[in-house]
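Right, one structure below, let's go through it.
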2 protein chains.
Amino acid sequence: MKEKVPKGYSPSMEDYLEAIAMLCGGRRAARVSEISRRLRVKMPSVTSAVKKLSEQGLVVHERYGYVELTAEGDRVAEDVIRRHKALSRFFAEALDINQEVAEEDACKMEHVISPLSLERVIKFIEFIEACPLGETNFPNRYKYYLEHGELPEECLERGLREKE
Amino acid sequence: MKEKVPKGYSPSMEDYLEAIAMLCGGRRAARVSEISRRLRVKMPSVTSAVKKLSEQGLVVHERYGYVELTAEGDRVAEDVIRRHKALSRFFAEALDINQEVAEEDACKMEHVISPLSLERVIKFIEFIEACPLGETNFPNRYKYYLEHGELPEECLERGLREKE
DNA sequence: TAACAATTATAGCCATGGCTAACAATTAGT
DNA sequence: ACTAATTGTTAGCCATGGCTATAATTGTTA
């Protein structure tokens, strides 16, 4: 019972937890070599990170063996993944960015976004997906603007009407 | 002529450049103590950062004197500021996040966002500001959804119409 | 089962970027 | 002009998180 309660973890440690959770994928545990490959760091970096995480009670790891998340580690990892998914969906679906770049940006931003902004990003996606306005819906108009550099007709017409 | 051409700078160094540019604000140069206060780091941290920046040709600094950006330093700083402004406007105007949190998030994300995503964020703001649809415009609908947790009428009606 | 390959760990280095404590220069007050 | 306060620098510490080189363990296979 000496926990600092709602701790924050470094981007690096969050990356390790996320990678381990993805590798475990429900079933088996993760190997050091797998984590190393996934995060594109060398194995000694993984070993020392895992050591640190295990001292913090986030993973269990026996020498030359598997790496597994503890309940707490899993909780943290799932939260990172939640942030990641929200951001990558936002980039891909709302901003119309290709999947690869969307993932890359999500990977970096997931560590720094505030809880409030995260919730708003999620609301935003919910909203644009739940509000289906056919041809005139928001994503379509936005994409038209992206492609043509000009506003679509609907916007222009109404804009003019307002002005006079 | 030994430059690595389109270098990338660390978040920390970008923060220093940004702070110096803001403090110089066109006219006078910056003092170490000002940078220290603005970034909430101690003065020795500033001294060593400034030393590094001057080795990289981004600032000019004479002992016990002022810190000024070089042309190159100014170029980099302006780019950081551009990213910052785009992001904070996006958070504040598009996601309806209060100014303070918008600034905080922009401060962190400005260092990691990809050029593509940045451009899209800018386009996004341009779009929602340029497409004025009165009561039924996108920001209004989104804010309605934020406040009520329910889609506004326009969305619901059309959504139903589509289904049958 | 002995030896080799693959995997993992350890030791120890390096860069980054904070910090404190102590010292030095500059500026201001009298 | 002298001294005190302010400002800035230096030296040196620490944590983080990479890395290489080398050692240890495990698993496989002849």
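The sequence lines fix the lettering, A, B, ..., with proteins before strands; numbering per chain opens at 1.
- Between B/S48 and C/dG17, a side-chain N or O to OP1/OP2 separation shorter than 4.0 Å is absent.
- Across the interface with DNA chain D, nearest-nucleotide mapping of B/R37 and B/K51 shows B/R37 to be the residue nearer the 5′ end.
- A salt bridge links A/R82 with A/E119: the distance from a Lys NZ or Arg NE/NH1/NH2 to an Asp or Glu carboxylate oxygen falls below 4.0 Å.
- Going from atom OH of B/Y16 over to atom P of C/dG17 covers 9 Å, rounded to whole Å.
- Atom-to-atom, CE of B/M13 to P of C/dA15 comes out at 15 Å; the value is rounded to the nearest Å.
- Screening B/E18, B/E14, B/E78, B/E110 against B/R83 for a salt bridge (charged side-chain N to carboxylate O under 4.0 Å, His left out) leaves a single residue, B/E14.
- Between B/K52 atom NZ and D/dT9 atom P there is a gap of 17 Å when expressed in whole angstrom units.
- Helical stems of DNA chain D (runs of at least 3 Watson-Crick or G-U pairs, donor-acceptor distances under 3.5 Å) are listed by first residue: C:1-30 with D:1-30.
- The A/V32 side chain lies nearest to C/dA9 when the options are C/dA9, D/dT9, D/dG18.
- Whole-Å rounding puts the A/H111 NE2 to D/dT16 P distance at 17 Å.
- Distance CD (A/E62) to P (D/dT25): 14 Å, rounded to an integer number of Å.
- Between A/L39 and A/Y16 the shortest side-chain heavy-atom distance falls below 4.5 Å.
- Phosphate proximity of D/dT6 to B/S33: absent, as no side-chain N or O sits under 4.0 Å from OP1 or OP2.
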- request: Could you walk me through whether B/F90 and A/F90 pass ring pair (Phe, Tyr, Trp, His ring centres under 6.0 Å), step by step?
  value: CA-CA 13 Å; B/F90 174 77; A/F90 174 77; 5.7 Å; yes
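- One finds a side-chain N or O of B/R31 lying less than 4.0 angstrom from the OP1 or OP2 phosphate oxygen of D/dG8.
- Atom-to-atom, CZ of B/R40 to C1' of C/dG17 comes out at 18 Å; the value is rounded to the nearest Å.
- Taking only side-chain nitrogens and oxygens, B/H61 comes nearer than 4.0 Å to OP1 or OP2 of D/dT9.
- Between A/R75 and A/E72 there is a salt bridge, since a side-chain N of the basic residue sits under 4.0 Å from a carboxylate O of the acidic one.
- What separates CD1 of B/I35 from C1' of D/dT9 is a distance of 14 Å, to the nearest Å.
- Sequence order on DNA chain C of the closest nucleotides to A/T47 and B/P11 puts A/T47 first from the 5' end.
- Rounded to an integer number of Å, the gap from OH of B/Y9 to C1' of C/dA15 is 17 Å.
- Residues B/L87 and B/D105 form no side-chain contact, since every pair of their non-hydrogen atoms from C-beta on lies 4.5 Å or further apart.
- To the nearest 0.5 Å, atom CG of residue A/L116 and atom CD of residue B/E100 are 11.0 Å apart.
- Counting heavy atoms from C-beta on, the side chains of A/R31 and A/Y66 come closer than 4.5 Å.
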- prompt: Tell me, for nucleotides 20-26 of chain C in 5' to 3' order, what letter each nucleotide earns: B for a base near a protein heavy atom under 4.0 Å, S for only sugar-phosphate near one, - for neither?
  reply: BB--BSS
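- Side-chain atoms of A/S88 come within 3.5 Å of backbone atoms of A/H84 as a donor-acceptor pair (strictly under, hydrogens ignored).
- Residue A/Y66 is classed as having no contact, given no heavy-atom separation below 4.0 Å to the nucleic acid.
- The side-chain heavy atoms of A/L58 and A/Y9, taken from C-beta on, include a pair separated by under 4.5 Å.
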